[in-house]
Q: 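Would you mind keeping the following structure in view while I ask a few things?
Note: hydrogens, waters and symmetry copies are ignored here, and every other heavy atom, side chains too, is used.
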Amino acid sequence: MTTTDTTTAGAQINAAGALLALFTAHPGLPASRITSERVVTGERDASAALVRTWGLALGFHRDTALADFEQWRQALGLDPAGVDLETTGSLAWLSVTTTYAGTPLTLVGYFNLPKSAMGDER
């Protein structure tokens, strides 16, 4: 269920329920940093305004970030071809977005690029 009211705690109930369902279904997977944020769904309401809803992001930051990201990606059956790679300076991250229990869900694995990948031959 989507909502255009994202200003109340009650608007986050679907995201909270999806998080509980996700962790109940996958209790043995690596822990992550959890954020809930408003996302634009691409849908429009009756007044043609973009619909916003609360989504979830699981972020992986440790030395095991890529392995943790990959375990979650596989557990959720997400296609590796749908994974995006972004970089800025020496930081890079993989991300993939899906819908889980009716809630937008993004997995993000952060990692530092090796100096050789940045063209730094020092």
Side-chain angles (χ1 to χ4, degrees):
M1 179 170 109
T2 59
T3 180
T4 54
D5 173 17
T6 58
T7 62
T8 65
Q12 293 178 294
I13 289 173
N14 290 341
L19 183 63
L20 180 60
L22 182 67
F23 287 177
T24 300
H26 304 285
L29 288 178
S32 65
R33 177 174 167 243
I34 305 160
T35 57
S36 179
E37 52 195 33
R38 293 185 318 164
V39 295
V40 176
T41 65
E43 300 171 25
R44 296 197 176 264
D45 65 14
S47 69
L50 285 171
V51 173
R52 296 180 188 272
T53 190
W54 284 97
L56 298 169
L58 303 183
F60 305 96
H61 297 269
R62 298 180 305 269
D63 292 341
T64 59
L66 295 180
D68 296 349
F69 172 91
E70 183 61 12
Q71 286 181 59
W72 274 98
R73 187 200 61 76
Q74 288 180 9
L76 295 174
L78 302 177
D79 186 349
V83 174
D84 294 319
L85 169 65
E86 300 288 335
T87 63
T88 180
S90 64
L91 180 65
W93 59 95
L94 299 176
S95 65
V96 63
T97 300
T98 190
T99 300
Y100 190 87
T103 298
L105 171 66
T106 301
L107 305 179
V108 185
Y110 298 93
F111 59 100
N112 291 316
L113 291 171
K115 288 184 181 181
S116 60
M118 298 182 311
D120 187 357
E121 301 298 325
R122 289 182 231 177

Q: Would you compute the distance between atom CH2 of Trp54 and atom CD of Glu37 and round it to the nearest 0.5 angstrom?
A: 8.5 Å

Q: With a 4.5 Å limit on heavy-atom distance, are the side chains of Thr53 and Asn14 in contact?
A: no

Q: Does the pair Leu50 and Arg44 meet the rule for a side-chain contact (heavy atoms from CB on, under 4.5 Å), with working shown?
A: CA-CA 4 Å; Leu50 285 171; Arg44 296 197 176 264; 3.7 Å; yes

Q: Indicate every side-chain donor-acceptor pair of residues 55-64 with a distance under 3.5 Å to a residue at least two apart or in another chain.
A:
| unit_1 | atom_1 | unit_2 | atom_2 | d |
| --- | --- | --- | --- | --- |
| Arg62 | NH2 | Asp68 | OD2 | 2.7 |
| Thr64 | OG1 | Asp68 | OD2 | 3.0 |

Q: If you take all heavy atoms of Tyr100 and Ala18, which pair is closest and at what distance?
A: O-CB, 3.6 Å

Q: What pair of heavy atoms forms the shortest contact from Thr106 to Ser95, and how long is it?
A: CG2-CB, 4.4 Å

Q: Show the numbers, then the answer: is there a side-chain contact (heavy atoms from CB on, under 4.5 Å) between Asn112 and Leu91?
A: CA-CA 5 Å; Asn112 291 316; Leu91 180 65; 4.1 Å; yes

Q: If you compare all heavy atoms of Gly82 against all heavy atoms of Val96, which two are closest, and at what distance to 0.1 Å?
A: O-CG2, 3.7 Å

Q: Please report the closest heavy-atom contact between Leu94 and Phe111, naming both atoms and the distance.
A: CG-CE2, 4.0 Å

Q: Is any side-chain heavy atom of Leu107 closer than 4.5 Å to a side-chain heavy atom of Leu78?
A: yes

Q: Is there a path of hydrophobic side-chain contacts, each under 4.5 Å between heavy atoms of I, L, V, M, F, W or Y residues, that connects Val39 with Val51?
A: no

Q: Under 4.5 Å between side-chain heavy atoms, hopping through other hydrophobics if needed: is there a path connecting Ile13 to Leu20?
A: no

Q: For a quick test of reading the model, state the closest non-hydrogen atom pair linking Ala75 to Leu29 and the distance between them.
A: CB-CD1, 3.5 Å

Q: Enumerate the salt bridge (charged side-chain N to carboxylate O under 4.0 Å, His left out) contacts for residues 71-85, please, sequence neighbours excluded, ordered by first and then second residue.
A: Glu70-Arg73

Q: Working note: Leu105 + Leu76, criterion side-chain contact (heavy atoms from CB on, under 4.5 Å); need CA distance, chi angles, decisive distance, verdict.
A: CA-CA 11 Å; Leu105 171 66; Leu76 295 174; 3.8 Å; yes

Q: To the nearest 0.5 Å, how far apart are CD in Gln12 and OG1 in Thr7?
A: 10.0 Å

Q: Are Leu19 and Ile34 close enough, and set up right, to give a side-chain contact (heavy atoms from CB on, under 4.5 Å), and what steps lead you there?
A: CA-CA 9 Å; Leu19 183 63; Ile34 305 160; 3.9 Å; yes

Q: Tell me which pairs pass ring pair (Phe, Tyr, Trp, His ring centres under 6.0 Å) where either residue lies in residues 8-45, with sequence neighbours left out.
A: His26-Trp72

Q: Which pair of non-hydrogen atoms, one from Asp45 and one from Ser47, has the smallest distance, and what is that distance?
A: OD1-OG, 2.8 Å

